Structures are given as C-alpha cells and as structure tokens.
Amino acid sequence: MQALPRSFYNRDTTIVARELLGKHLVRVTPEGRRVGRIVEVEAYLGPHDLAAHSSKGLTERTRIMFGPAGYAYVYLIYGVHHCLNVVTEPAGRGAAVLLRALEPVEGLTDRTNGPGLLSRAMGIDRNSNGHDLLSADLFIAEAGAREQIKIVARPRIGVEYARHWARRKLRFYERGNPFVSRT
DNA sequence: AGGATGATATCC
DNA sequence: GATATCATCCTC
C-alpha cells in the first residue's frame, strides 16, 4: 500500500477533489490499521474563495493551508469536532480539500459519515495538523479497481455566509453511496 | 430548534 | 481584553 505522490496533490484543487473519491485514507497507530474509502469531499480554492479559511489571509491558523501540497490541515470546529483537509496546489495558494465521509474498509467501527465523525473514527485531531501525507502513519493510497465512480457535484455544506461562493458546486460525492453525510 | 465547547479573528 | 463566529453533530 503506497502513499500517493506529492505531485498528485500539487494540481488544480477541483481535479484533486474529484480524484480523491474512491481512494483509501490510511491511518496506522499502535492499536492497528484503519482504512476508509473516501466517498465525499469539498474543494476550498484559495483566498478568493470566501468560504475558505485562507480568505482570512496568512495567519497562524492558515499557515499549513498556505504551505506546500500533500500536508494535512486539521482544525477544531465549533469547539467540538476536528476536520481533516489535504493541502493542494503549490505553496502560497491557500487551497485544500476537506475530507467529509469515508466508507469503512478496515479497522473502522465508529461512524465516518461526516467530517467530524471521520476525524474521530480515524483518531485524528490537532496533533495531525501539518502532518506530511507522504508518511507511513497517515496517507492516502490508490484503491483496488472498482467500477467507474459516478460523481455528484453540489454546493458545499455550512458555508451560507460565503455569498456567491456558497452556491458553487464544490462538494463532490459518490452517487448512491450510503456513507455520504446526510443533507 | 437549540446547545455543546474552544480556538480564532476582529473588534475595542 | 471582550465578543462574535464557526467547513458539526446530537438531542429535544
């Protein structure tokens, strides 16, 4: 099981988001290995995207998001849940893809159909912020061949404050997959 | 429909 | 230093 190369992430964010569907997110801890198939994501395009954290500019919080591709950007939301993103595009762009839901593949017992649930089930919190996704304990890998994924594009969740950007169809999920978060 | 719960940005 | 807000989830 091989981590995707940095070049995979260092591309247009919308393309990366769509291609992440069907890939395997892998977490290795002393307790064992956990693997989930990515079935739902959202693209955050950069400072011009009013829904993206990077629209606030380069701050301590967004430092990782403005860094090079292939790193984990993890933050605490509503004081309760952690959200896992993968940084995309060259350093300075402030773009990332939020992982929103997984289909359990191995070692997963808790629910994974939502960004907070996904992070909790995979044992991911702020300690993983800035973690290189080309590492042995947290990475994304190609999955075994399946039938062609049918991708649905919809507006992103929870970004109504972002004016016209709230309507952009930057949420992508696999059509008919029961592990997609509810809406 | 509303509460949890804490980091962060943005004011004073 | 205070406060409003938040890329969610659960219970009522």
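Since this is a predicted model, take the numbers as computed values, not measurements. Numbered from 1 within each chain, the chains take letters A, B, ... in sequence-line order.
Remark: A:Phe8 engages no residue in a ring pair (Phe, Tyr, Trp, His ring centres under 6.0 Å) (not counting sequence neighbours). Checked against salt bridge (Lys or Arg N to Asp or Glu O under 4.0 Å), A:Glu31 has no partners two or more places apart in sequence or in another chain. By the salt bridge (Lys or Arg N to Asp or Glu O under 4.0 Å) test, A:Arg93 pairs with A:Glu89, sequence neighbours left out. The salt bridge (Lys or Arg N to Asp or Glu O under 4.0 Å) search around A:Asp132 returns A:Arg6, not counting sequence neighbours.
With the 3.5 Å cutoff on both pairing distances, Watson-Crick and G-U pairs in DNA chain B assemble into runs of at least 3 at B:1-4 with C:8-11, B:6-11 with C:1-6.
Residue A:Ile157 belongs to no hydrophobic cluster, having no ILVMFWY side-chain heavy atom closer than 4.5 Å to its own. Cluster note: A:Val39 groups with A:Val152, A:Tyr173, A:Phe179, A:Val180 through ILVMFWY side-chain heavy atoms spaced under 4.5 Å, whether in direct contact or through intervening members. A:Ile15 forms part of no hydrophobic cluster, judged by ILVMFWY side-chain heavy-atom separations under 4.5 Å.
Residue pairs that meet the side-chain hydrogen bond (donor to acceptor under 3.5 Å, both in side chains) test with at least one member in residues 149-164 of chain A, sequence neighbours left out, are A:Asp49-A:Arg156.
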Please list, one pair per line, the donor and acceptor atoms closer than 3.5 Å that link side chains of residues 63-76 of chain A to other protein atoms, with sequence neighbours excluded.
unit_1, atom_1, unit_2, atom_2, d
A:Arg63, NH1, A:Glu60, OE1, 3.1
A:Arg63, NH1, A:Glu60, OE2, 2.5
A:Tyr73, OH, A:His53, ND1, 2.7

Give each protein N/O atom lying under 3.5 Å from an N/O atom of nucleotides 9-11 of chain C, with the pair distance.
unit_1, atom_1, unit_2, atom_2, d
C:dC9, OP1, A:Gly114, O, 3.4
C:dC9, OP1, A:Pro115, N, 3.1
C:dC9, OP1, A:Gly116, N, 2.8
C:dC9, OP1, A:Leu117, N, 3.0
C:dC9, O4', A:His81, NE2, 3.0
C:dC10, OP2, A:Arg111, NH1, 3.3

What does the list of N/O pairs under 3.5 Å between the protein and nucleotides 10-12 of chain B look like, with a distance for each?
none

